[in-house]
Amino acid sequence: ADAVIRLAAQAGVRYSLEAPGSYVGANIVGTFNLLEAVRAALPRSRWRRLVVGGAAAFAAGGILAAIVLLLVTGYAFIRRKQWRQHRACMIAALVMSGLFLTSYLIYHAQVGSVPFRKTGWIRTVYFAVLIPHVILAAAMVPPVIITVSRGLSAKYDQHRRIARWTLPVWMYVSITGVIVYLMLYRM
C-alpha cells in the first residue's frame with residue numbers, strides 16, 4: 001500500500017505542467033519503486049496470482065485503445081485550433097501511455113513472455129506486426145517526451161515540427177499494440 005501511495009504522489013499531475021522532465025522522471029522512478037515493492041513483498045510463487053485470468057492483459061488492450069482515441073481526438077482538436085482541448089487530450093494520452101507501460105511491466109514481471117501459439121500464415125502476420133511495433137515503441141519514448149515538453153513550454157514552432165513525425169508513429173504503435181493484443185489473447 002505504501003508503494004502505491006508513493007507512486008501516486010510521485011506521479012502528481014501538477015508536475016506534468018510545471019516541469020515535464022521531473023514528471024516523466026518521477027513516473028519512471030515511481031514505477032520502478034512500485035515493481036520493487038511488489039517483488040520484495042511477495043514471494044515469486046505468488047506473483048502469478050496477482051493476474052486474475054488475464055485481466056491485466058485485457059486492461060492493457062483497453063488502455064491502448066484509449067490512447068488511440070485520445071490521440072485522434074487531440075489531433076482533431078488542434079486542427080480546429082482548440083488548443084486547451086488538444087493539450088488535455090495529449091497529456092491524457094501521455095499519462096495513459098505511462099499507465100500502459102506500468103501495467104505491461106507488472107504483467108510481464110508476473111507471467112514472463114507469452115508465446116504466440118498459432119501456426120501457419122497467421123504466425124508470419126503476427127511477427128510482421130509485432131517486430132516493428134516493439135522497435136518503434138522503444139524508439140518513440142524520446143520523441144514523445146520532446147514533443148510534449150516543447151508543447152508545454154510554448155515552443156510551438158519546434159513542437160509542430162516534431163509532432164508531425166511523432167503523432168503518426170505514436171498512433172501506429174498504439175494501433176499495432178491493440179492488434180498484437182487481439183492476436184495474442186483473443187485469437
Side-chain angles (χ1 to χ4, degrees), residues 7 11 13 16 20 23-24 27-28 30-32 34-35 38 47-48 50-80 82 85-148 151 162-187:
L7 176 64
V13 174
S16 68
Y23 173 74
V24 171
N27 275 304
I28 291 168
T31 301
F32 175 80
L34 178 62
L35 292 173
V38 168
W47 291 358
R48 288 186 188 263
L50 292 175
V51 180
V52 181
F58 177 75
I63 292 168
L64 285 169
I67 293 167
V68 170
L69 290 173
L70 286 164
L71 292 173
V72 169
T73 305
Y75 178 73
F77 279 134
I78 201 61
R79 299 302 296 167
R80 292 188 199 119
Q82 295 175 307
Q85 294 89 337
H86 167 73
R87 177 183 284 204
C89 283
M90 300 317 276
I91 289 172
L94 180 64
V95 170
M96 293 294 286
S97 294
L99 182 61
F100 168 77
L101 179 59
T102 301
S103 69
Y104 178 87
L105 292 173
I106 290 171
Y107 176 76
H108 287 288
Q110 296 168 13
V111 301
S113 180
V114 179
F116 186 72
R117 301 202 184 276
K118 303 288 182 187
T119 59
W121 66 270
I122 195 67
R123 187 173 182 79
T124 303
V125 170
Y126 173 76
F127 284 107
V129 173
L130 178 67
I131 291 169
H133 166 79
V134 170
I135 292 168
L136 289 172
M140 279 309 297
V141 174
V144 166
I145 293 168
I146 291 167
T147 303
V148 171
I162 193 169
R164 288 185 177 140
W165 294 98
T166 306
L167 179 65
V169 179
W170 193 1
M171 183 80 72
Y172 173 84
V173 167
S174 299
I175 291 170
T176 55
V178 173
I179 293 168
V180 166
Y181 161 78
L182 291 172
M183 292 181 79
L184 190 57
Y185 296 101
R186 297 294 177 220
M187 283 186 76

Asks: How many angstroms lie between CZ in R164 and OG1 in T147, if you round to the nearest 0.5 Å?
Replies: 12.0 Å
Asks: List the atom of G74, the atom of C89, and the distance in Å for their closest heavy-atom pair.
Replies: CA-CB, 3.6 Å
Asks: Quick one: CG on L99 to CG on L64, what's the gap to the nearest 0.5 Å?
Replies: 10.0 Å
Asks: Are the side chains of I67 and L71 in touch, meaning some heavy atoms are under 4.5 Å apart?
Replies: yes
Asks: Would you compute the distance between atom CG of L94 and atom CD1 of I145 and round it to the nearest 0.5 angstrom?
Replies: 7.5 Å
Asks: Testing the basics here: between L167 and M90, what is the closest heavy-atom pair and its distance to 0.1 Å?
Replies: CD1-CE, 4.0 Å
Asks: State, with a plain yes or no, whether a side-chain heavy atom of S97 is found less than 4.5 Å away from one of V144.
Replies: no
Asks: Just verifying a value: how many Å separate I175 CD1 and W170 CH2, rounded to the nearest 0.5 Å?
Replies: 13.0 Å
Asks: Walk me through it: do V125 and M183 pass the test side-chain contact (heavy atoms from CB on, under 4.5 Å)?
Replies: CA-CA 10 Å; V125 170; M183 292 181 79; 4.0 Å; yes
Asks: Tell me which pairs pass ring pair (Phe, Tyr, Trp, His ring centres under 6.0 Å) where either residue lies in residues 121-143, with sequence neighbours left out.
Replies: F116-Y126
Asks: Counting only heavy atoms not in Y104 (residues, nucleotides, ligands), do more than 12 fall under 6.0 Å from its OH?
Replies: no
Asks: Does the side chain of W165 come within less than 4.5 Å of P143's, by heavy atoms?
Replies: no
Asks: Report yes if some heavy atom in the side chain of Q85 is under 4.5 Å from a heavy atom in the side chain of T73; otherwise report no.
Replies: no
Asks: Would you compute the distance between atom OG1 of T102 and atom CE of M96 and round it to the nearest 0.5 angstrom?
Replies: 11.5 Å
Asks: Can you see which heavy atom on P115 is nearest to which on S113, and at what distance?
Replies: CD-O, 3.5 Å
Asks: For A163 and P168, work out which heavy atoms get closest and say how close.
Replies: O-CD, 3.9 Å
Asks: About how many Å separate CZ of F77 and CD of Q82, when rounded to the nearest 0.5 Å?
Replies: 5.5 Å
Asks: Partners of V114 by side chain to side chain contact (heavy atoms under 4.5 Å, CB included), sequence neighbours excluded?
Replies: Y107, H108, V111, L184, Y185
